Number of protein chains: 2
Amino acid sequence: MSKTYNISELAAKFDITTRTIRFYEEKGLLTPARLGNNRVYTEQDRVKLQLILRGKRLGFSLEESRDIIEMYDPATGSAEQLQRLIGRIQEKRQALQGQLEDIEMMLVDLADTEQKCQQALRNMK
Amino acid sequence: MSKTYNISELAAKFDITTRTIRFYEEKGLLTPARLGNNRVYTEQDRVKLQLILRGKRLGFSLEESRDIIEMYDPATGSAEQLQRLIGRIQEKRQALQGQLEDIEMMLVDLADTEQKCQQALRNMK
DNA sequence: TTTAACCTTTACGTAAACGTCAACATAAAG
DNA sequence: CTTTATGTTGACGTTTACGTAAAGGTTAAA
């Protein structure tokens, strides 16, 4: 059996508060087991949390992250459901490609600006 | 002299509301000229708005977008100020690199999941 | 001249994503 | 047995990023 975590371990691991983790549970993104009254998180839960936080860094809403988490679930369904899932996955991939382009544009712009700054510095001396 | 826009033209161009544009002004991200009582936006303003919206797609707060906009301003300052600006630009570029990695990980994961779905579909037939 | 289509400011409302208590349970340590 | 640390469930507060009227000014067409 693989490692489990309690809530504060997990919070420390990702540098977030326990409140945040409970909030994600409230929103249906996590559903940890219980040992008595206390929450117990599995390795799977940890991965889900990681996905959520990665999504956050990319500006996803929790709703979107929940969608993504659902995608990772094998959730063996009918052929029709699988097709729909594939469609949703492709949409997400498209959106991510768009973000890639946005980032690249920003990187170019910032690199340009930095160049101009460096040039201005050289001109001062 | 280059083209100018009124608020609703600009809103239509970017598919946002005029309220949104005024809100960005409230927050100090835009400072359009006035023709009488009405706002007049220059090409520069349009570019700024574009930067803001690009930032939004990447999960930036308006505060962060304002920072970025300030970076693009030549704002000829002292050597010290230029150095600090270069530092901030490099930090942003670092952060964007991090986002690139996040996106690439997500793309890989989603591609994996899609493969599994396709495989599951093939196994059903 | 009135009606329509714009613009303006001011102000209150709202959803998302938590922060921040409060009040209580429990288990280990001194 | 009391303190200390950690957990729990509410419940209300806060910030961000706008939405949604309300009340009014200006220009152009009918």
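Worth saying up front: this structure is predicted, and the values here are computed from it rather than measured. Letters A, B, ... mirror the listed sequences (proteins, then strands); counts begin at 1.
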Evaluate side-chain hydrogen bond (donor to acceptor under 3.5 Å, both in side chains) for A/Arg46 paired with A/Gln50, printing each intermediate quantity in order. CA-CA 6 Å; A/Arg46 190 193 59 78; A/Gln50 188 176 337; 3.1 Å; yes

Intermediate values then yes/no, side-chain contact (heavy atoms from CB on, under 4.5 Å), B/Tyr72 and A/Leu110: CA-CA 8 Å; B/Tyr72 287 88; A/Leu110 286 176; 4.0 Å; yes

With side-chain contact (heavy atoms from CB on, under 4.5 Å) as the test, would you mind laying out the steps for A/Arg122 and A/Gln118 before giving the verdict? CA-CA 6 Å; A/Arg122 275 192 297 276; A/Gln118 304 279 12; 3.9 Å; yes

For B/Ile16 and B/Leu49: C-alpha separation, side-chain torsions, deciding distance, then whether side-chain contact (heavy atoms from CB on, under 4.5 Å) applies. CA-CA 11 Å; B/Ile16 57 181; B/Leu49 185 49; 4.1 Å; yes

Residues 97-106 of chain A side chain polar contacts: donor-acceptor under 3.5 Å, at least two apart:
{"unit_1": "A/Gln99", "atom_1": "NE2", "unit_2": "A/Leu58", "atom_2": "O", "d": "3.4"}
{"unit_1": "A/Gln99", "atom_1": "NE2", "unit_2": "B/Arg57", "atom_2": "O", "d": "3.1"}
{"unit_1": "A/Asp102", "atom_1": "OD1", "unit_2": "B/Arg57", "atom_2": "NH2", "d": "2.8"}
{"unit_1": "A/Asp102", "atom_1": "OD2", "unit_2": "B/Arg57", "atom_2": "NE", "d": "2.7"}
{"unit_1": "A/Asp102", "atom_1": "OD2", "unit_2": "B/Arg57", "atom_2": "NH2", "d": "3.4"}

Distance-only donor-acceptor pairs under 3.5 Å for side chains of residues 82-96 of chain B, two or more places apart:
{"unit_1": "B/Gln90", "atom_1": "NE2", "unit_2": "A/Glu114", "atom_2": "OE2", "d": "2.8"}
{"unit_1": "B/Arg93", "atom_1": "NH1", "unit_2": "A/Glu114", "atom_2": "OE1", "d": "2.4"}

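When heavy atoms are screened at a 4.0 angstrom cut-off, B/Thr17 is found touching the sugar-phosphate backbone but no base atom. Among the heavy atoms of the strands lying under 4.0 Å from B/Ser8 are primed sugar atoms or P, OP1, OP2 only; no base atom is included. The residue A/Tyr24 sits close only to the backbone: its heavy atoms come under 4.0 Å of sugar-phosphate atoms, none of a base.
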Taking only nitrogen or oxygen atoms into account, show me every contact under 3.5 Å that the protein makes with nucleotides 24-27 of chain D, one pair per line with its distance.
none

Check: protein-nucleotides 11-15 of chain C nitrogen or oxygen pairs below 3.5 Å:
none

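We find that CZ of A/Arg22 is positioned 13 Å from P of D/dT6, with the value rounded to whole Å. D/dT16 atom P lies 11 Å from atom CZ of B/Arg66, rounded to whole Å. Between B/Ile7 atom CD1 and C/dC6 atom P the separation is 14 Å, expressed in whole Å. In this structure, CG of A/Leu30 is placed 12 Å from P of C/dC18, rounded to the nearest angstrom. Distance CZ (A/Phe23) to P (C/dC21): 19 Å, rounded to an integer number of Å. In this structure, A/Glu9 atom CD and D/dG7 atom P are separated by 8 Å, rounded to whole Å. In this entry the distance linking CD of A/Glu25 with C1' of D/dG7 reads 13 Å, nearest Å. When the C1' atom of C/dT8 is taken as reference, atom CD of B/Glu26 falls 13 Å away, rounded to whole Å.
Within the cation-pi definition used here (under 6.0 Å to the ring centroid, within 45° of the axis), B/Lys3 qualifies as a partner of B/Tyr5.
Between A/Glu25 and A/Arg34 there is a salt bridge, since a side-chain N of the basic residue sits under 4.0 Å from a carboxylate O of the acidic one. A salt bridge between A/Arg54 and A/Glu64 is absent, with no side-chain N of the basic residue lying under 4.0 Å from a carboxylate O of the acidic one.
Once rounded to the nearest 0.5 Å, the distance linking CD1 of A/Ile21 with CG of A/Leu30 reads 7.5 Å.
Contacts with DNA chain C (heavy atom under 4.0 Å) in residues 31-43 of chain A: none are found. Taken residue by residue, residues 44-59 of chain B places no heavy atom nearer than 4.0 Å to DNA chain C.
At distances below 3.5 Å, at least one donor-acceptor pair connects side-chain atoms of B/Asp45 with backbone N or O atoms of B/Thr42.
No side-chain donor-acceptor contact under 3.5 Å links A/Tyr41 and A/Glu9.
Counting only heavy atoms from C-beta outward, the side chains of A/Arg39 and A/Asn6 never approach each other to under 4.5 Å.
The side chain of B/Asn6 contributes no N or O atom lying less than 4.0 Å from OP1 or OP2 of C/dC6.
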